[in-house]
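Structure first, then comments.
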Protein chains: 2
Amino acid sequence: MTEIKSNISISLDGFVAGANQGTEHPLGEGGERLHEWVIRTAGWRAHHGMTGGEESADSEVTDEVTQNVGAHIMGRNMFSPGRGAWDETWRGWWGEEPPFHAPVFVLTHHPREPLTMAGGTTFTFVTDGIHAALDAARAAAGPDRDVAIAGGAQTIRQYLAAGLLDELYLHIVPVLLGRGERLLTEEAGDPVLEPVKVVASPSVTHVKYRVRRVHG
Amino acid sequence: MTEIKSNISISLDGFVAGANQGTEHPLGEGGERLHEWVIRTAGWRAHHGMTGGEESADSEVTDEVTQNVGAHIMGRNMFSPGRGAWDETWRGWWGEEPPFHAPVFVLTHHPREPLTMAGGTTFTFVTDGIHAALDAARAAAGPDRDVAIAGGAQTIRQYLAAGLLDELYLHIVPVLLGRGERLLTEEAGDPVLEPVKVVASPSVTHVKYRVRRVHG
């Protein structure tokens, strides 16, 4: 059965990106500190077509979160730079062979033709909201594969608050960014979360939450 | 050797108390949700002179955090209600036999005679800052016992930012409060934290961080 899942690296003080995100700092100032653990892993490197890296508990988590994903959904600010402009020639941050290897549905208000990239990634632009994007992603994934809500923070919150997310897997990085973009603002609502799996490493604490139901 | 330690329950969105703390809501609105896990444990109940409760991984953590504590330090807002008033007749929130069973040093700007309570707790009021309070607590604890920074949030942040804290043990409760008092604001600085122990339960994820050094 399809599960709707999201996983994201978060600082101990609750930020998933640093301040002043934009073309100069795609992850925000200091945001790269959230991802140092993942780029060291063998799992992440293999998934991005590279060799080497560390085999570790962290690496197993990177394998786990990419397994069985049949389609992805992302917000428009994750796909494209800046918050105002919409550049028809923009082909994403990830080069000609993005690491998704599956259909990606991009939430936007701007209609655009689908983009077919190398390695199995297609970007399809969905203008009629999160439910429509989820319907399309479910259909693309099929009944046995999962849908990953890739981000950013606002998109994850929208699916969480709407009661559409089954699983939220947080990689809690022991840094304090002080400023930046929070994941769990009041917009996330008041979901009932149950920690169902914890993987500890010297670098990160990975906690998988099942979303049991949404209050109110 | 004396360790300077703090442990506190924190919501997944980073709050250690709900909004509008005061006499009516000592823990802030919804703040009791942060502590439901602990009052169910056999360890916490025994420490508070009660019987019963659950033997569990959570209970073992409550035993662990109370072991070997020779003195406590707390902020003035943890000791007394309200943020403006200072009531000379106030004897703390915890009745005549508080659960500290050791000397407690209260940070305040208002001199006051020490208060001796039943069961080994004394409240001593320290008006010359966090270093003086720590010196007094170390002396009271002796060389082989630890000093616990009891709270509140601001006091923990002060010791963390000053590089005086050795260990921060967070009990991460899977609730979102949305509003309230944060622990890890910019005032906490940018310490280097290493997760050294994780205890997982269906209710809480306990993560113990060593403070390796303080940036800057």
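- Only the backbone of A:Ser201 comes within less than 4.5 Å of a heavy atom of chain B; no side-chain atom from C-beta onward does.
- Using a 4.5 Å cut-off between heavy atoms, B:Leu170 contacts chain A through its side chain alone, with no backbone atom that close.
- In B:Arg179, the CZ atom is not crowded: 12 or fewer heavy atoms of neighbouring residues, nucleotides or ligands sit closer than 6.0 Å.
- Within the 4.5 angstrom heavy-atom criterion, no atom of A:Val175 approaches chain B.
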Carefully, step by step, assess A:Leu184 and B:Leu12 under the rule side chain to side chain contact (heavy atoms under 4.5 Å, CB included). CA-CA 8 Å; A:Leu184 298 170; B:Leu12 188 55; 3.7 Å; yes

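- Taking chain A as the reference chain and counting heavy-atom pairs below 4.5 Å, the highest number among B:Ser203, B:Pro195, B:Gly14 is found for B:Pro195.
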So B:Arg33 and A:Asp190, side chain to side chain contact (heavy atoms under 4.5 Å, CB included) or not? Walk me through it. CA-CA 12 Å; B:Arg33 296 171 67 195; A:Asp190 190 11; 3.2 Å; yes

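- Neither the backbone nor the side chain of A:Thr185 comes within contact range of chain B; no heavy atom of the residue lies under 4.5 Å from a heavy atom of that chain.
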